[in-house]
Amino acid sequence: MPGFVLLMRPRDDGDATMRIGFTVTKKIGNAVVRNRMKRRLRALARELLAERGVVGADHVLIGRTGGVERDYALLRTELGKAFRKVTPQAAETPVSKVAAPANTTTPAKAGVQVGKRS
């Protein structure tokens with residue numbers, strides 16, 4: 001299990017700024033341990049957010065148990081994988097082969113996610 005969880009939500013407000021927040025629960029340890037974990041998360045974000053973050057989105061890193069003891073290089077690779085998972089990918093099929101979406105959504109199903117990302 002990784003030493004953190006990455007959440008990302010596009011703001012859709014027209015602002016291209018990438019924002020980031022950090023949180024570590026008291027279950028992780030006392031204030032010294034929590035602050036150390038937040039410093040590690042900030043350093044990771046400083047390295048990777050500019051090149052791998054989603055433009056115009058809010059990112060939240062949630063520290064988990066074991067993140068303080070975990071090797072920094074391992075945390076860095078885990079964050080890189082997490083950014084790849086939350087980054088919207090370009091369609092793998094050409095645009096000409098993509099079927100036009102049917103306009104048959106009902107108001108109750110308008111916000112439901114249709115497919116899972118792998």
Side-chain angles (χ1 to χ4, degrees):
M1 186 159 124
F4 60 86
V5 174
L6 173 66
L7 300 176
M8 187 277 302
R9 181 175 166 262
R11 288 193 311 275
D12 297 328
D13 61 357
D15 187 12
T17 305
M18 288 185 276
R19 300 188 306 187
I20 189 151
F22 306 95
T23 182
V24 180
T25 181
K26 285 185 177 181
K27 293 178 184 178
I28 303 299
N30 63 11
V32 174
V33 173
R34 291 192 315 266
N35 288 335
R36 184 179 310 137
M37 184 67 199
K38 284 192 267 187
R39 282 194 305 270
R40 294 185 89 190
L41 292 175
R42 279 189 209 107
L44 286 168
R46 202 174 301 122
E47 286 183 32
L48 297 176
L49 184 66
E51 62 188 45
R52 296 192 183 171
V54 178
V55 175
D58 292 335
H59 303 77
V60 178
L61 281 169
I62 303 169
R64 292 288 183 227
T65 305
V68 174
E69 296 87 20
R70 193 174 295 257
D71 183 43
Y72 185 80
L74 181 60
L75 282 175
R76 191 175 192 285
T77 58
E78 289 173 350
L79 184 58
K81 288 179 187 176
F83 273 128
R84 280 192 297 275
K85 285 185 179 182
V86 300
T87 304
Q89 299 296 323
E92 293 180 14
T93 58
V95 176
S96 61
K97 293 188 178 185
V98 175
N103 196 6
T104 59
T105 58
T106 61
K109 298 197 179 230
V112 177
Q113 180 179 357
V114 177
K116 288 186 175 180
R117 290 175 56 112
S118 53

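The figures that follow rest on heavy atoms only: side chains count, while hydrogens, waters and symmetry mates do not.
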For Leu61 and Phe4 the tightest heavy-atom approach is CD2-CD1, 3.6 Å

Met37 and Arg34, any side-chain heavy atoms less than 4.5 Å apart: no

Spacing of CG belonging to Asp58 relative to CZ belonging to Arg9, to within rounding of 0.5 Å: 7.0 Å

Note: Glu78 and Gly3 closest approach over all heavy atoms is OE1-N, 3.6 Å

Cluster question for you: counting only ILVMFWY and a side-chain heavy-atom cut-off of under 4.5 Å, with indirect links fine, are Val24 and Val32 together? no

Any side-chain heavy-atom pair of His59 and Phe83 under 4.5 Å: yes

Tell me which one of Leu6, Leu75, Leu49 satisfies side chain to side chain contact (heavy atoms under 4.5 Å, CB included) with Leu44. Leu75

Flag if over 12 foreign heavy atoms under 6.0 Å of CZ, Arg11: yes

Could you tell me if the side chain of Leu48 sits less than 4.5 Å from the side chain of Arg76, heavy atoms only? yes

Between Met18 and Ile62, is there shared hydrophobic-cluster membership here, with clusters defined by ILVMFWY side-chain heavy atoms closer than 4.5 Å? no

Checking the side chain of Asn30 only, and the main-chain atoms of Val33 only, is there a donor and an acceptor separated by less than 3.5 Å? yes

As an exercise, state the distance from CG of Leu79 to CZ of Arg84, rounded to the nearest 0.5 Å. 10.0 Å

Closest non-hydrogen atoms of Thr77 and Leu74, given as atom of the first, atom of the second and distance, are OG1-O, 2.8 Å

